[in-house]
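For reference, the structure discussed in these notes is given below.
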Amino acid sequence: MAGKTIFKQIIDREAPAKIVYEDEQCLAFEDIHPAAPTHLIVIPKKEIVSVDGIEPEDEALIGHLFVAIRKIVAKLGVTGGYRVVTNCGPDSGQMVMHLHFHVLAGRKLGRLG
Ligand code: 5GP
């Protein structure tokens, strides 16, 4: 079996991270290579590889993550909008095989594509 992903290590407090939010189901921390003034990573504590690994039983969890994102951006005082992005699979450039949502804010974000 492959070793723990870096995000699982952060969940287990085996790797450091600047955690900005945590509850029983999810964790949010600052991206180590920020692409915007605010760049957070929001992850479920449950190990799910990507959107492709989401099962019907995870429906409530995925909703929970988006409610958490709303709480986090409100707590951080983000104004002017933000972007939520998730990469899934090789063509997307996904590097960490643990479902995560990037939350980007603090500058004008270019159009996608
Ligand atoms: P992906 O390309 O998989 O969607 O994005 C993975 C993100 O995780 C990247 O933006 C990368 O900068 C971030 N990242 C990778 N390793 C670490 C780490 O050890 N700590 C933190 N805080 N972020 C990381």
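Both counts, for ligands and for their atoms, begin at 1 and track the order of listing.
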Any salt bridge linking E24 with K46? Criterion: basic side-chain nitrogen under 4.0 Å from a carboxylate oxygen. no

Would you say E59 has more than 12 foreign heavy atoms packed within less than 6.0 Å of its CD? no

Members sharing I54's hydrophobic cluster, built from side-chain contacts under 4.5 Å between Ile, Leu, Val, Met, Phe, Trp and Tyr, are V20, Y21, L40, V42, I48, V51, L61, I62, L65, F66, I69, I72, V73, L76, V78, Y82, V84, L99, F101, V103

Would you confirm whether the ring centroid of H100 sits within less than 6.0 angstrom of the ring centroid of H98? no

Can you spot which of H64, R70, K71 makes a side-chain contact (heavy atoms from CB on, under 4.5 Å) with V67? K71

If we only count heavy atoms from C-beta on, is the K4 to D12 side-chain gap below 4.5 Å? yes

Residues in the immediate environment of ligand 1 (any heavy atom closer than 4.0 angstrom): I6, F7, I10, F29, E30, D31, I32, H33, N87, G93, Q94, M95, V96, H100, H102

